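So the structure is just underneath, and the comments pick up after that.
Just so we're on the same page: letters track the sequence lines, and every chain starts at 1. The structure displayed is predicted, hence computed values, not measured ones.
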Amino acid sequence: MPVASTAAESASRRESTATTPLHLPKTSESPELLRIRHSMSHVLAMAVQTLFPRAQVTIGPWTESGFYYDFDHPEPFTEADLKAIQKEMGKIIGRRLPLQRLEVSREEAERRITAQGEPYKLEILAGLIEPITLYTLGESWWDLCAGPHVAHTGELNAKAFALESVAGAYWRGDETKAQLQRIYGTAWETPEQLAEHQRRKAEALRRDHRRLGTDLELFSIEDEAGAGLVFWHPRGARMRLLIEDFWRQAHFAAGYELLYTPHVADLSLWKTSGHLDFYKESMFGPMQVDERQFQLKPMNCPFHVLTYASRLRSYRELPIRWAELGTVYRYERPGVMHGLMRVRGFTQDDAHIFCLPEQISAEILGVLNLTETILSSFDFNRYEIHLSTRPAKSIGEDAVWELATAGLIEALDRKGWAYKVDEGGGAFYGPKIDIKIEDAIGRLWQCSTIQLDFNLPERFDLHYVAADGTRPRPIMIHRAIFGSLERFFGIMVENYAGDFPFWLAPEQIRLLPVTDAVLPVAETLLSQFRAAGIRAELDRSSERLGKLIRQGEQQKIPLLAVIGAAEAEAGTLNLRSRRDGDLGAVAVAALLAAAETANRDRSAGLALEPA
RNA sequence: GCCGGUGUAGCUCAGUGGUAGAGCAACUGAUUCGUAAUCAGUAGGUCGUCGGUUCAAAUCCGAUCACCGGCUCCA
């Protein structure tokens with residue numbers, strides 16, 4: 001497993017997400033669970049073949065939280081089938097059937113499989129190297145398997161497993177091959193672990209950004225406009241603006257300049273870049289304009305490259321760091337879109353660095369630092385780093401690859417981040433670093449990527465004037481920190497479960513008048529808050545306070561400020577914080593100052609003294 | 001694109017061939033109330049879309065679009 005690296009653990013990790021009552025080991029961390037889940041998939045297969053004799057078995061490996069098994073079966077399995085299968089599995093477990101390892105010759109295995117009429121198993125056998133082992137489960141059922149397994153099904157806990165879903169899957173993951181039915185299950189050592197697993201699944205559902213996006217009125221995707229195209233509603237747009245403002249500020253501070261480039265451009269640009277050869281199936285079709293063909297951009301790089309090439313560059317100008325929040329459009333096949341996570345139009349926080357070979361290490365380190373600055377501001381403090389090196393099929397000289405890869409490694413070492421090396425996993429045009437972030441419930445998301453590119457400078461004939469008057473090619477670095485603003489936004493919504501830190505909340509404070517009598521005072525306060533750059537609203541409905549509180553809490557507003565006769569008289573507000581509960585009376589001036597400070601410092605909450 | 005499932009009011013859902021329903025939200029009125037739901041009323045849907053079967057379709061059939069769970073792919 002990759003080494004997880006922890007950058008300054010933030011104290012501001014939200015309380016609802018920081019503690020997990022019960023540790024749930026992954027399969028790869030627990031030899032016991034490995035045996036349980038391995039055996040469980042055999043129990044599943046046996047149960048299915050008992051109930052559905054026509055089902056043919058294929059493969060059934062463990063996953064990090066359970067197991068699955070792929071079957072070829074003419075009729076689709078239904079939810080009711082799943083229940084029946086689960087019941088049958090319970091019976092098998094109850095019979096305490098032994099699992100026995102048997103080493104057989106290839107001929108023997110072939111003979112046994114042929115007798116059963118299991119074509120997929122035969123195909124699996126062909127790919128196996130000796131020794132060929134199989135495991136029997138009870139008297140008559142067996143499957144090809146390397147193990148390990150529990151000694152008998154009595155070691156499986158019938159109350160600690162559940163079948164979860166059935167889905168389509170291709171044989172060998174190849175979409176040209178047969179479509180099979182995959183049954184997913186989860187299995188644990190104890191019922192308590194199963195319950196915790198199911199609690200976490202429910203938690204993930206509660207955090208679903210599509211759900212929260214609708215409930216909190218952040219964004220929508222409209223059928224009429226088309227799949228995978230995002231509409232940012234006022235509340236989502238406010239947040240996006242805050243994110244972008246922060247992003248720009250951080251980039252200027254890190255020595256970047258910002259660009260704006262067109263959304264469409266002459267198709268020939270994509271011929272030069274090579275995208276038309278390698279990326280065509282991901283691009284929207286070209287459009288005819290006058291005598292020329294134009295292309296909606298799937299990437300920003302050629303535009304930045306053209307900007308670089310617009311005049312002669314000196315080595316003294318390098319490194320050049322150009323960033324752009326560039327919206328790109330990519331054709332995604334129907335059926336793959338998913339909320340904000342997978343869309344057809346999205347905004348990359350793209351940047352390109354043009355530098356000298358000897359600047360690579362320092363530039364990469366700069367990118368790593370900026371990445372940490374930005375990601376940690378959204379409470380993403382745990383990263384998993386992957387370094388991908390030269391693949392077999394690649395362009396560029398050995399010396400450049402070596403220099404570049406060494407530069408990446410040096411930067412990672414100087415940053416002190418552990419990483420996993422993916423040998424030969426780089427792009428054909430250069431090595432790369434990918435950064436996955438871990439969210440509040442332990443899920444990993446790939447966002448940031450840093451790629452060296454030896455290809456585009458070549459294709460667009462980029463160069464700079466060196467000290468000796470020669471014109472070498474610059475090194476080009478592509479990097480994105482959020483990756484896709486839309487996708488990052490979705491991940492962030494799930495990370496916070498919609499409970500955004502104060503600085504990011506679309507509505508930071510809502511004024512709740514106890515009676516209409518204090519409305520005029522509340523209106524004045526509202527203006528005051530807004531003038532101070534605080535995102536405040538006033539609830540003017542004549543509902544009772546309890547209702548106003550309830551609605552404010554449901555909309556996850558960080559601060560609810562109750563104003564009644566007493567407060568109006570005293571020039572205070574009675575504050576209720578979403579994170580910390582009732583804060584009591586607070587002077588208006590103190591609240592204003594604290595809120596302004598929190599906005600400036602991008603704080604999760606206010607530093608307040610009770611009045 | 002593939003396998004399976006689902007599309008009924010802004011949201012959550014009920015309604016299996018015979019005149020479209022509930023709760024919440026919205027709006028109006030009354031109420032002026034102190035930390036998670038005051039009461040009453042009003043309005044809102046050609047049941048995703050198109051086509052077919054039928055005297056009659058939300059309901060049956062076909063196509064199509066979108067969404068959901070996966071596969072493949074991927075930021």
Side-chain angles (χ1 to χ4, degrees), chain A residues 68 70-73 75-79 81-82 164-184 205 208 210-211 214-215 217 220-229 279 281-282 298-299 326 328 330-350 434 436 445-449 451 478 480-491 512-519 541-555 560-567 574-578 581-585:
Chain A
Y68 66 81
D70 288 347
F71 301 93
D72 190 344
H73 186 253
E75 280 85 43
F77 295 124
T78 63
E79 285 297 313
D81 292 340
L82 230 52
E164 300 193 297
S165 62
V166 56
Y170 298 106
W171 170 234
R172 302 247 141 130
D174 183 339
E175 62 179 321
T176 64
K177 298 216 163 86
Q179 180 112 30
L180 308 170
Q181 292 185 70
R182 174 170 300 176
I183 296 177
Y184 281 94
L205 205 64
D208 193 312
R210 296 165 299 187
R211 165 93 264 136
T214 307
D215 288 350
E217 296 189 80
S220 70
I221 291 163
E222 300 294 328
D223 270 17
E224 275 185 86
L229 301 170
Y279 210 74
E281 70 285 354
S282 295
M299 292 186 169
V328 298
R330 297 184 184 175
Y331 173 75
E332 294 287 355
R333 300 157 91 185
V336 304
M337 264 71 75
H338 179 88
L340 297 181
M341 304 300 191
R342 187 81 179 271
V343 292
R344 281 179 171 165
F346 62 96
T347 305
Q348 286 185 315
D349 66 321
D350 212 354
D434 291 319
K436 291 181 181 175
W445 304 90
Q446 148 115 50
C447 293
S448 315
T449 179
Q451 296 193 5
H478 306 253
I481 293 171
F482 295 138
S484 148
L485 217 61
E486 285 74 4
R487 183 165 178 274
F488 181 81
F489 188 82
I491 294 167
L512 309 179
V514 178
T515 70
D516 288 353
V518 294
L519 258 179
S541 61
S542 61
E543 297 288 348
R544 291 183 183 169
L545 186 60
K547 178 78 169 273
L548 303 187
I549 297 278
R550 179 180 158 84
Q551 287 175 338
E553 291 289 356
Q554 281 177 337
Q555 286 165 53
L560 299 175
V562 175
I563 175 161
E567 287 79 10
N574 204 297
L575 264 197
R576 177 181 162 121
S577 154
R578 178 141 174 89
D582 201 336
L583 298 181

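- At whole-Å resolution of the value, CD in A:Glu79 and C1' in B:rU6 are 12 Å apart.
- The partner of B:rC27 is B:rG41, by the rule that a Watson-Crick or G-U pair needs both atom distances under 3.5 Å.
- For the salt bridge (Lys or Arg N to Asp or Glu O under 4.0 Å) test, residues two or more places apart in sequence or in another chain that qualify with A:Glu486 are A:Arg240.
- Residues passing the side chain to side chain contact (heavy atoms under 4.5 Å, CB included) test with A:Arg330 are A:Tyr279, A:Pro298, A:Met299, A:Val328, A:Phe346, A:Gln348, sequence neighbours excluded.
- Residues satisfying the side chain to side chain contact (heavy atoms under 4.5 Å, CB included) test with A:Thr78, not counting sequence neighbours, are A:Ala80, A:Asp81.
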How does protein reach along nucleotides 41-49 of chain B, written 5' to 3' as B (base within reach of a heavy atom under 4.0 Å), S (only sugar-phosphate), or - (no contact)? ---------
Let me have a per-nucleotide readout for nucleotides 68-75 of chain B, 5' to 3', with B, S or -, counting only protein heavy atoms under 4.0 Å. SBBBBBBB
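- With both pairing distances under 3.5 Å, B:rU6 is matched to B:rA66 as a Watson-Crick or G-U wobble pair.
- When the side chain to side chain donor-acceptor pair (under 3.5 Å) test is applied to A:Thr449, the partners found at least two apart in sequence or on another chain are A:Asp434.
- Partners of A:Glu222 by side chain to side chain contact (heavy atoms under 4.5 Å, CB included), not counting sequence neighbours, listed by chain and number: A:Ser220, A:Ala225, A:Phe231.
- By the ring-ring contact (aromatic ring centres under 6.0 Å, His included) test, A:Tyr184 pairs with A:Tyr68, sequence neighbours left out.
- Scanning for side chain to side chain donor-acceptor pair (under 3.5 Å) contacts around A:Arg550 gives an empty result, with sequence neighbours left out.
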Output a table of nitrogen or oxygen pairs between the protein and nucleotides 9-13 of chain B separated by less than 3.5 Å.
| residue | atom | partner | partner atom | Å |
| --- | --- | --- | --- | --- |
| B:rU12 | OP1 | A:Arg211 | NH1 | 3.4 |

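- Across all strands shown, the partner of B:rA22 is B:rU12, judged by Watson-Crick or G-U wobble contacts whose two distances both fall under 3.5 Å.
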Counting primed atoms plus P, OP1 and OP2 as sugar-phosphate and everything else as base, spell out the protein contacts along nucleotides 32-38 of chain B at 4.0 Å heavy-atom distance: B, S or - for each nucleotide, 5' to 3'. BBBBBBB
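- With sequence neighbours excluded, the residues forming a side chain to side chain contact (heavy atoms under 4.5 Å, CB included) with A:Asp349 are A:Trp247, A:Leu325, A:Arg479, A:Ala480, A:Ile481, A:Phe482, listed by chain and number.
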